[in-house]
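All remarks here apply to the structure that follows.
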Amino acid sequence: GICPAVSTLQVSELKVRRLGVELGKSVVYQESNRETRVDVMESVRGQDIFIIQTIPRDVNTAIMELLVMAYALKTSCAKNIIGVIPYFPYSKQCKMRKRGSIVCKLLASMLAKAGLTHIITMDLHQKEVQGFFNFPVDNLRASPFLIQYIQEEIPDYRNAIIVAKSPSAAKRAQSYAERLRLGLAVMHGEAHQSESDMPDGRHSPPLSRTVTGHTGLELPLMMAKEKPPITVVGDVGGRIAIIVDDIVDDVEDFVAAAEILKERGAYKIYIMATHGLLSAEAPRLIEESAIDEVVVTNTVPHEVQKLQCPKIKTVDVSMILAEAIRRIHNGEFCYFLLYADLKFTVLEWLDHSCH
């Protein structure tokens, strides 16, 4: 039977309530030296186990709890171990940056080694991250729930325009615009230098051809990037601007974008995102900014931030996660799931999903 093994947030209780089952009996705690310890309090032999692990502020501790729990279940002869991780941590570190590393690939390998056989997650930062895993990954979508919120909670949303905060977010914004039959605007440029563009002492090819010994080939020099100030491609004057993204963490870029949109004539500004990490001073900055509302799902706990900033609103997505758990456990043919009122696919089973 279904045996959710570890609960870290209210969303776990919402899921099991929808499924009509109880949380499995387990204990996760830290010893005095901060080592993670897991005790499974009931037999899991031959069962499908769903580990529900949301990611709180202490990301690394949450990952360690998940790894230790998965290994404990593996050594207890569980049949299948499925990780339900609505927000997949380190998903932004999925590309090689300067002298960095692809941490998302490392985490995928660690989860497989610990014993996980399947993962259910939501809105990965890049869909290609699924290729890091050697077991099935179901990447669910939150967009239908956020689109429903726009249609029901934003007055006169027909006068809105969907805004991409950067060219890299244009594809996601275009999807929202097409489904809502709205216009699209794209912001280009940066208010400040991004971390990925900061000099790190490495140039390829080198800036100087002055070398000792063999001179080698004459390679062309790499021209330095120069990004213009933030500009808006599209007319937002007299419109409601809805900025869409997958993650709201440090909000300085969103605040800067909101100021530009206000200057261009937008009279209301909404932020719509799947994962509301809202780190550091995010609640205060949002409260003091031109942003009217920040709408995120409950994939990440943010109750404290909501108390600090009434502009933050939450959309519940436990329904789709619970349905995914039920279908996987029952072995149902689940190529897609139709969400009744919106008439389009909300559960995306890609490549190596269950067939």
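Computed over heavy atoms, backbone and side chain alike; hydrogens, waters and symmetry mates excluded. Note that the numbering runs from 1 along the sequence shown for the chain.
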Closest contact, heavy atoms only, [X] versus [Y]:
| X | Y | value |
| --- | --- | --- |
| I240 | D156 | CD1-O, 3.5 Å |
| A72 | V38 | CB-CG1, 4.4 Å |
| S143 | D123 | N-OD2, 4.5 Å |
| P283 | Q305 | CG-CG, 3.6 Å |
| I269 | A258 | CD1-O, 3.2 Å |
| T61 | Q30 | CG2-NE2, 3.2 Å |

Ring pair (Phe, Tyr, Trp, His ring centres under 6.0 Å) partners for F254, two or more places apart: none
Would a distance-only check, ignoring hydrogens and angles, find a side-chain to backbone donor-acceptor pair under 3.5 Å from [X] to [Y]?
| X | Y | result |
| --- | --- | --- |
| T117 | I81 | yes |
| E287 | Q308 | no |
| D316 | S318 | yes |
| R158 | L180 | yes |
| K311 | S289 | yes |
| S109 | K105 | yes |
| D292 | Y270 | no |
| K313 | P310 | yes |
| K262 | Y267 | yes |
| R181 | R179 | yes |

Is there side-chain contact between [X] and [Y], with at least one heavy-atom pair below 4.5 Å?
| X | Y | value |
| --- | --- | --- |
| I154 | K268 | no |
| V317 | P86 | no |
| Q53 | M69 | no |
| L307 | E303 | no |
| I63 | P89 | yes |

Would you say [Y] and [X] are linked by a side-chain donor-acceptor pair, where the criterion is simply a distance under 3.5 Å?
| X | Y | value |
| --- | --- | --- |
| E293 | Y149 | yes |
| T299 | H275 | yes |
| D246 | T274 | no |
| N60 | Y90 | yes |

Criterion side-chain contact (heavy atoms from CB on, under 4.5 Å) on H125 and Q93, from CA distance to verdict: CA-CA 9 Å; H125 188 59; Q93 298 189 45; over 6 Å; no
Option passing side-chain contact (heavy atoms from CB on, under 4.5 Å) with Q130 (candidates N139, D138, T121, I119): N139
Check ion pair R326-E323 (N to O, under 4.0 angstrom): yes
Pairs meeting criterion ring-ring contact (aromatic ring centres under 6.0 Å, His included) with involvement of residues 154-173, two or more places apart: none
Pair V244-L146, side-chain contact (heavy atoms from CB on, under 4.5 Å): steps then yes or no: CA-CA 10 Å; V244 298; L146 296 174; over 6 Å; no
Verdict with supporting geometry, E153 and V295, side-chain contact (heavy atoms from CB on, under 4.5 Å): CA-CA 11 Å; E153 302 295 333; V295 183; over 6 Å; no
hydrophobic_cluster_shared for M64 and L66, side chain cutoff 4.5 Å: yes
K165 atom NZ, neighbour heavy-atom count above 12 within 6.0 Å: yes
Criterion side-chain contact (heavy atoms from CB on, under 4.5 Å) on I242 and Y176, from CA distance to verdict: CA-CA 10 Å; I242 303 175; Y176 277 75; over 6 Å; no
From K79, H118, H329, residue fulfilling side-chain hydrogen bond (donor to acceptor under 3.5 Å, both in side chains) relative to D48: H329
Intermediate values then yes/no, ring-ring contact (aromatic ring centres under 6.0 Å, His included), F132 and F88: CA-CA 13 Å; F132 292 160; F88 195 81; 9.3 Å; no
